[in-house]
Amino acid sequence: MKKAKDNIYETSLRTHTCGQLEESDIGSTVTLCGWVDGHRDLGGLLFIDLRDRWGKTQAAFDPAAVSPEVMESARSVRYEFSIRVTGVVRGRPEGMKKGAGTGLIEIQAETMEILNISETPPFMVEDDTTASEELRLKYRYLDLRRPLLKNKIELRHRAAMAIRSYLDSKGFVEIETPLLIRSTPEGARDFVVPSRQHKGKFFALPQSPQLFKQILMVSGFDRYFQLARCLRDEDLRADRQPEHTQIDIEMSYVNMEDIFGLVEGMMSDLFKKILDEEISIPFERYTYQEVMDRYGIDKPDIRFGLEITELSDILGKSGFKVFSEAAAGGGVIRGINFKGGAAFSRKRIDELTEIAKSAGARGLAYIAMTDDGIKSPIAKFISDDEIKGALAKAGTEKGDILLIVADKWKTVCDSLGMVRKELGRTIQGSSVRKWAFLWVYEFPLFEYNPDLGRFDAMHNIVTSPHKDDMPNLGLGFESKSAVDDPGHPWANIRANQYDLVLNGMEIASGGIRIHDRKIQELVLSVLGIDRERAEKMFGFLLKALEYGAPPHGGIAPGFDRITALMTGSDSIREVIAFPKTTAAQSLMDGSPAEIDPNQLEELGIEIIKRKN
RNA sequence: GGGGUCGUAGUUCAGUUUGGUUAGAACGCCUGCCUGUCACGCAGGAGGCCGCGAGUUCGAGUCUCGUCGACCCCGCCA
């Protein structure tokens, strides 16, 4: 029998887990606790499978070996009863062995005890469940008993441990930042918490610890990290929850290279430790301009090729007005070649056209190279040489189709980017790379917002401008260009900002920050935040920058998205123990919910009922 | 805010196209039988506000409108 002190799993109620015993334990007397995973009553012999977090072990009840009372009790158990069984470990008879480990042995039961009965569960606790997600969320505690989901939560834990240990080894300090902070006018809508002691005033829950981590740099913690909860009151998606976890990182005295190196090291360490996968580093790098030109999107899935080809030079002067007008108006003509696409049905082409249109394109032209020659509705408008030139440049061969969009640069990128994404869906097979990481950097600092008639921060308001573009910051104030002119100085400032993309998902974003109060104020004023308002909202950060703030920068990998990818999950809900629905409700605890009128009274809050 | 898919025994679904007897199946549940099962087997049984509310109709699971909920997408979101 194993010595108790070797067995960390032993408690007062059990000696071992349900995943622990093996052939070397044969002969030991053991006590297991677990849920009933199955019970097979053969009339005489009775088998019960016990399940806990660690595995499954079969207990055998023989009427010849146990008392009638125990036998009767064992016959009464049902799925998900919590029970405790004591008996002797024995090898299973030949031909009755299942797999390895606990499948080679069983407990010859001597006694058993029902610790707690269970209602008939609303769905079976098994990996290949058919239960709807709605039901699984309502009974999340049962869902989490499923080994598959449990394993994902455990992997998440091990990933967190690996990350903490990696960053610790590099001299990082984990520091908790406040959850009750003041609302700052960045990006997303805040969750808000009323103050009882200051009626009429509110805390906001942090969208990220952004300003606090910068202040920690000013405080001298030159390497900070935190597995930080971030809260945003925005609409949900498969990859978005109102509360998510970031591996929040900030460092002093760094440039982009330092951050890239750190994250590459961290990710390869993580994938090696948790998945035993070798990730090749450094990751590929693309500027924003380059990635948009080649893939039409700032977070491309580059597990497959399908690059966009520039065709303006060839088709720009063609007789097809859509093309020539786009070219003359400063737009571009670009295409994607798809292998074997000449066989696309009319319906398939219509689908792709709809996708392109949904991204703003007015249509989707195509040239198919079939066995019977060129098939294209635009062939009559453009010359044979132009067709040949376009096909040659795009690498279109017999059996392929070249899909073309002509429009403004951004519209062409967006629409071909979405068409490419759709096409990519169909070619994800064994030939594609497993883990396609890439960095995207030099995003524009500002983006013109037509609704507001001014510029918005494309990333966040604390990102520093590229030093070569710094003069544009001042020039913008005097510029005679219209604000929506792509040539406006503010539209042409690159930011020291970067994203990390994995398999088409943005998994991290960061930047080198502004550490000079004057520049920060300039950026704020471009965004239409005047001195007074800046002082009110950001005064504490601006003030901190005045006291020798060091140059600093950081990044924030999204922990939920990373673990979702690592576990092959379609949704980050699969790696969050207690997620919300797409309508931001928790079906298990029924939140959000009304609160007691007394609580409202105490907070000085009155609910106004709207009519409609 | 907008678009799409879905909602029928405890569960997953069929039935809705073309309105018409008593709304089916599988798993689960209950009872009995069964001494090496592990998707145990065999026999029998119970179980339905067809999401909810209006409307059309002699008659609605089926048609219409509204509403609630889940999921996916657009907007939105560092």
- [ ] Remember a base hit wins even if backbone is also touched, and classify A:Glu80 as base, sugar-phosphate or nothing at under 4.0 Å, heavy atoms.
- [x] nothing
TODO: Return the nearest nucleotide to the side chain of A:Lys98; candidates are B:G75, B:C71, B:A39.
DONE: B:A39
Open item on the list: Nearest to the side chain of A:Arg237, heavy atoms from C-beta on, is which of B:G75, B:C71, B:C77?
Closed with: B:G75
Task: B:C68 and B:C76, which share atom name P, separated by this distance in whole Å - done: 24 Å
Open item on the list: For B:A14, give the paired nucleotide (Watson-Crick: N1-N3 plus N6-O4 or O6-N4; G-U: N1-O2 and O6-N3; both under 3.5 Å), or none.
Closed with: none
Tabulated below should be each protein N or O lying under 3.5 Å from an N or O of nucleotides 2-7 of chain B; please produce it.
none

Open item on the list: Treating primed atoms plus P, OP1 and OP2 as sugar-phosphate and everything else as base, which nucleotides of nucleotides 26-37 of chain B get B, S or - for protein heavy atoms under 4.0 Å?
Closed with: --SSSS--BBBB
Task: Residue whose nearest RNA chain B nucleotide is more 5′ - A:Ile555 or A:Ala583 - done: A:Ala583
Task: Listed partners of A:Arg533 passing salt bridge (charged side-chain N to carboxylate O under 4.0 Å, His left out), at least two apart - done: none
TODO: List in chain and number order the residues that pass ring-ring contact (aromatic ring centres under 6.0 Å, His included) with A:Phe455, two or more places apart in sequence or in another chain; answer none if no residue qualifies.
DONE: A:Tyr448, A:His488, A:Trp490
TODO: Sticking with atom C1', work out how far B:U31 lies from B:U56, rounded to a whole angstrom.
DONE: 47 Å
Open item on the list: The criterion is salt bridge (charged side-chain N to carboxylate O under 4.0 Å, His left out); which residues satisfy it with A:Glu521, sequence neighbours excluded?
Closed with: A:Arg517, A:Arg531
Task: Identified side chain to side chain donor-acceptor pair (under 3.5 Å) counterpart of A:Ser569 within the set A:Lys152, A:Glu574, A:Arg561 - done: A:Lys152
TODO: Ignoring backbone atoms, test whether A:Ser132 places a side-chain nitrogen or oxygen under 4.0 Å from the OP1 or OP2 oxygen of B:U12.
DONE: yes
- [ ] Scan every strand shown for a Watson-Crick or G-U wobble partner of B:U5, both distances under 3.5 Å, and answer none if you come up empty.
- [x] B:A70
Open item on the list: At 4.0 Å (heavy atoms only), tell me whether A:Arg136 reaches a base, stays on the sugar-phosphate, or touches nothing.
Closed with: nothing
Task: Separation of the C1' atoms in B:G41 and B:U37, to the nearest angstrom - done: 10 Å
Open item on the list: Need one value for A:Leu135: base, sugar-phosphate or nothing, where a base atom within 4.0 Å counts as base even if backbone is also close, heavy atoms only.
Closed with: sugar-phosphate
Could you list the protein-to-nucleotides 14-16 of chain B atom pairs, N/O on both sides, closer than 3.5 Å?
none

- [ ] Check whether more than 12 heavy atoms from other residues, nucleotides or ligands sit under 6.0 Å from atom CD of A:Glu257, and answer yes or no.
- [x] yes
Open item on the list: Only pairs with both distances under 3.5 Å count, Watson-Crick or wobble alike; so what is the partner of B:U62 in this structure?
Closed with: none
Task: C1'-based separation of B:G24 from B:A70 [nearest Å] - done: 25 Å
TODO: Go through the structure and list residues passing side-chain hydrogen bond (donor to acceptor under 3.5 Å, both in side chains) with A:Tyr286, not counting sequence neighbours.
DONE: A:Glu284
Task: Separation of the P atoms in B:G59 and B:G19, to the nearest angstrom - done: 15 Å
Open item on the list: I'd like the P distance from B:G1 over to B:A54, given in whole Å.
Closed with: 26 Å
Open item on the list: Restricting to side-chain hydrogen bond (donor to acceptor under 3.5 Å, both in side chains), what partner residues turn up for A:Gln289, sequence neighbours left out?
Closed with: A:Asp293
Task: Sub-6.0 Å ring centroid separation between A:His244 and A:Phe559 - done: no
Task: Inter- and intrachain pairs under side chain to side chain donor-acceptor pair (under 3.5 Å), touching residues 92-105 of chain A, at least two apart - done: none
Task: Partner residues of A:Phe202 under the ring-ring contact (aromatic ring centres under 6.0 Å, His included) criterion, sequence neighbours left out - done: none
Task: Any A:Thr130 side-chain nitrogen or oxygen under 4.0 Å from OP1 or OP2 of B:U11 - done: no
TODO: Rounded off to whole Å, could you give me the NE2-to-P distance for the A:His459 and B:C77 pair?
DONE: 14 Å
Open item on the list: Going by purine N1 to pyrimidine N3 plus the second Watson-Crick contact, or the G-U wobble pair, all under 3.5 Å, which nucleotide sits opposite B:C77?
Closed with: none
Task: Those residues that, when tested against A:Phe172, pass ring-ring contact (aromatic ring centres under 6.0 Å, His included) (two or more places apart) - done: none
- [ ] Mind checking A:Gln585 for me? I need base, sugar-phosphate or nothing, with any heavy atom below 4.0 Å counting as a touch.
- [x] sugar-phosphate
TODO: Could I get the full list of salt bridge (charged side-chain N to carboxylate O under 4.0 Å, His left out) partners for A:Asp350, not counting sequence neighbours?
DONE: A:Arg346
Task: Residue of the set A:Glu243, A:Gln585, A:Gln241 for which side chain to side chain donor-acceptor pair (under 3.5 Å) holds with A:Lys580 - done: A:Glu243
Task: B:G32 - base-pair partner by Watson-Crick or wobble geometry, distances under 3.5 Å - done: B:C42
